[in-house]
> 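Can you read through this structure? Questions will come right after.
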Amino acid sequence: MLEHPTSTVRPGTGAVGRRLRAPLAGIAAACALATLAACSGPGSESGSSADTSPTAVNTAVGNTPATLTLFSAAGLQSYEQGLADAFHAKYPKITVKLRVESDNNYNTVLPRLLASDSAPDIAAPSDLLGGVKDGLLTNLDAYDKAYGWSEKVPASALAPGRVSNGVIGSGSLYQAGGSAGPLVGVFYNKELAAKVGMKKVPASVAELEAVMAKAKKSGITPIVASNQDGLIGHLYNLLLGDYMGAQALSDIVYHKPSATLDTPEAVKATKTLQRWIKAGYFASDVNALNQEASYGQFTGGKGLFFFQGSWITQTIDKNFKGKYGVFPMPPAEKGGKYAGMTSNTLAFSIAARSKNKDAAALFLDFLTTPEAAKVAVDNGYAAVTSDTEKAATPSLSGTLTEQIQTGYAAIAADNGFDSWLQNSTPAVNTKLNQQLQLLVSGKVEPAAMVKTLQTTYADALKSS
């Protein structure tokens with residue numbers, strides 16, 4: 001599943017799970033360290049092209065001509081080109097060129113590319129642990145100290161880019177930038193919402209389910225989704241975050257020792273999804289629909305809700321602008337905490353083999369600026385501002401941009417950001433897609449599905 005953030009997380013574009021970045025599970029690097037050492041190229045401004053831990057760094061490179069390559073998933077091309085253009089406007093002597101790969105191939109191609117003689121300078125690997133383990137990424141601690149990123153960026157935004165002893169969340173910094181990400185939530189058709197009498201944002205999963213029941217009774221398909229590519233996984237992840245709690249779900253993705261999916265809470269989330277499937281809340285052919293087809297169904301008015309990331313606004317605005325809104329996934333219980341996947345869309349890594357590490361680090365520093373945050377907001381993402389420190393009340397009123405910002409703020413206020421389960425390991429990414437298709441077709445029960453995913457996860461960690 002590749003969307004934003006990987007799924008392209010990134011989460012998301014399919015990312016864009018981390019890369020839609022959606023978006024989001026990585027593939028192990030194709031080159032081992034020995035191979036990497038054997039094919040090392042010429043030196044860079046920060047040392048050798050495979051220097052994973054530079055200590056002598058130069059921040060005064062804004063007026064030094066350079067060309068940087070940024071490896072981008074297709075679903076994020078417009079957004080990342082906006083960043084490149086804004087950076088070039090501020091530093092005219094430095095050009096950032098995008099090398100674009102399809103969303104489905106991004107995570108597979110990137111590790112091999114990072115290990116090659118043509119490594120990009122900047123990228124956002126979903127498999128951060130694999131990249132660090134295989135020496136493909138630059139340790140950014142020296143740049144962190146030089147630029148003061150730890151003071152500029154919230155600690156929670158930098159934590160997903162830190163690695164220590166094979167665990168994400170603390171230690172040395174390998175991904176950095178600003179703090180912005182997608183709101184993965186509940187998109188709704190305004191006209192159909194009015195028809196079923198939805199006058200306010202549902203305050204719990206039960207209230208959301210009640211609205212879907214009204215839609216079904218009125219002859220309206222409650223949920224548009226694509227499951228040929230496993231993208232019911234967005235909804236499944238939201239339910240896992242609701243019932244397990246954001247931290248417990250993140251612990252699995254970050255490989256925290258003793259973290260497990262095989263819990264009553266995960267089974268309850270899976271049973272909820274199964275109940276909605278059996279109630280006919282999805283189109284009967286959902287297992288045959290791909291992402292593009294689901295966009296067409298939603299913009300064609302063939303369903304009330306669409307569980308997706310705000311990166312989709314760049315696509316569906318073309319035919320559906322002004323006709324839809326979005327709110328964050330309601331808590332499991334009324335008054336409970338909001339939870340939702342996000343990925344720090346403004347966070348990137350510098351390849352160990354980059355020949356322009358100092359200039360690349362300047363690009364990462366640029367991502368902490370208001371100019372970069374504006375690009376994020378203009379592309380359907382939310383940026384961390386002082387407003388995210390305040391509780392926000394999601395509403396059906398306001399512009400789409402305001403709804404995205406408010407939804408993001410509501411999750412941030414509850415410290416509820418987590419990640420996509422499929423980003424935990426490549427094996428889980430594959431197995432989750434299979435299990436979701438089996439769940440839709442009635443060929444697996446919730447408890448068995450959870451156990452299968454946990455076994456896949458544990459086996460993957462043993463072999464890593």
Side-chain angles (χ1 to χ4, degrees), residues 1-2 5-7 9-11 17-19 21 23-39 52 104-116 123-137 139 160-172 174-175 230 233 236-237 240 244 248-263 266 270 349 352 418-438 444 447-464:
M1 185 185 316
L2 181 68
T6 117
S7 186
V9 74
R10 296 186 183 212
R18 156 123 164 125
R19 282 297 185 196
R21 334 204 282 213
L24 1 163
I27 304 296
C31 269
L33 279 176
T35 304
L36 179 61
C39 59
T52 60
N104 289 336
N105 291 334
Y106 180 91
N107 291 323
T108 303
V109 171
L110 180 55
R112 296 197 297 266
L113 189 59
L114 289 171
S116 74
S126 58
D127 185 13
L128 187 65
L129 292 175
V132 172
K133 178 182 177 182
D134 291 334
L136 301 178
L137 306 178
N139 183 316
R162 296 189 182 279
V163 175
S164 177
N165 297 319
V167 177
I168 292 175
S170 64
S172 291
Y174 287 89
Q175 248 176 16
Y236 185 52
N237 270 273
L240 288 174
M244 295 179 65
L249 181 54
S250 293
D251 286 347
I252 295 171
V253 178
Y254 295 161
H255 299 180
K256 183 177 179 179
S258 77
T260 179
L261 182 69
D262 193 4
T263 64
T270 313
S349 296
D418 51 46
S419 187
W420 284 257
L421 176 63
Q422 63 266 32
N423 286 355
S424 60
T425 72
V428 169
N429 178 50
T430 300
K431 185 64 69 174
L432 178 58
N433 290 0
Q434 297 170 350
Q435 291 293 301
L436 287 170
Q437 290 178 341
L438 291 174
V444 68
M449 175 174 165
V450 169
K451 286 185 180 298
T452 295
L453 292 172
Q454 172 58 30
T455 298
T456 302
Y457 172 74
D459 289 346
L461 293 189
K462 289 178 184 177
S463 62
S464 63

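Along the sequence shown, the residues carry numbers beginning at 1.
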> Apply side-chain contact (heavy atoms from CB on, under 4.5 Å) to residues Leu129 and Val163 and explain how you reach the verdict.
CA-CA 7 Å; Leu129 292 175; Val163 175; 3.8 Å; yes
> Judged by modelled atom types alone, do Asn107 and Ser126 share a side-chain donor-acceptor pair under 3.5 Å?
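Asn107 vs Ser126: donor-acceptor pair found between side chains.
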> Do you know which two heavy atoms are closest between Ala266 and Leu261, and how far apart they sit?
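For Ala266 and Leu261, the tightest heavy-atom pair comes out as CB-O, 3.1 Å.
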> For residues Gly230 and Leu436, report the shortest heavy-atom separation together with the two atoms involved.
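Result for this residue pair: O-CD1, 3.6 Å.
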> At what distance, to the nearest 0.5 angstrom, does CG of Asp251 lie from OG of Ser424?
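The OG atom of Ser424 is 12.0 Å from CG of Asp251, to the nearest 0.5 Å.
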> Can you measure from CG (Leu136) to CG (Leu114) and round to the nearest 0.5 angstrom?
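Interatomic distance, Leu136 CG to Leu114 CG, rounded to 0.5 Å: 5.5 Å.
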> Decide side-chain contact (heavy atoms from CB on, under 4.5 Å) for Leu453 and Gln435; before the verdict, give the C-alpha distance in whole Å, the side-chain angles of both, and the deciding distance to 0.1 Å.
CA-CA 8 Å; Leu453 292 172; Gln435 291 293 301; 4.2 Å; yes
> If you round to the nearest 0.5 Å, how far is CD of Gln454 from CG of Asp262?
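It is 6.0 Å, given to the nearest 0.5 Å.
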> So, the side chain of Thr430 versus the backbone of Ala427: is there a donor-acceptor pair under 3.5 Å, distance only?
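Judged by distance alone, no pair lies under 3.5 Å.
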> Report yes or no: do Gln422 and Asn237 form a side-chain donor-acceptor pair below 3.5 Å?
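Side-chain D/A pair, Gln422 to Asn237: present.
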> What closest approach, in Å, do Pro111 and Thr108 show between heavy atoms, and which atom pair accounts for it?
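Closest heavy-atom pair between Pro111 and Thr108: CD-O, 3.5 Å.
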> Check the pair Asn429 / Thr425 against side-chain contact (heavy atoms from CB on, under 4.5 Å), numbers first and verdict last.
CA-CA 6 Å; Asn429 178 50; Thr425 72; over 6 Å; no
> Would you compute the distance between atom CE of Met244 and atom OG1 of Thr263 and round it to the nearest 0.5 angstrom?
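Reported to 0.5 Å precision, the distance equals 4.5 Å.
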> Indicate the atoms forming the closest heavy-atom contact of Leu128 with Ser349, along with that distance.
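Scanning both residues completely, I find the closest heavy atoms to be CD1-OG, 4.0 Å.
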> Identify the two heavy atoms, one from Leu421 and one from Tyr236, that lie closest to each other, and give their separation to 0.1 Å.
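Closest heavy-atom pair between Leu421 and Tyr236: CD2-CE2, 4.5 Å.
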> Calculate, to the nearest 0.5 Å, the distance between atoms CD1 and CH2 belonging to Ile252 and Trp420 respectively.
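Ile252 CD1 to Trp420 CH2: 16.0 Å, rounded to 0.5 Å.
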> Check whether Arg162 reaches the backbone of Gly169 with its side chain - one donor and one acceptor, N or O, closer than 3.5 Å.
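Side chain of Arg162 to backbone of Gly169, a donor-acceptor pair under 3.5 Å: no, none is there.
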> Could you pull out the closest heavy-atom pair between Thr270 and Val450, with the gap in Å?
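That closest heavy-atom pairing would be OG1-CG2, 3.4 Å.
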> Consider only side-chain N and O atoms of Ser172 and Asn139, and report whether a donor and an acceptor are under 3.5 Å apart.
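Ser172 vs Asn139: donor-acceptor pair found between side chains.
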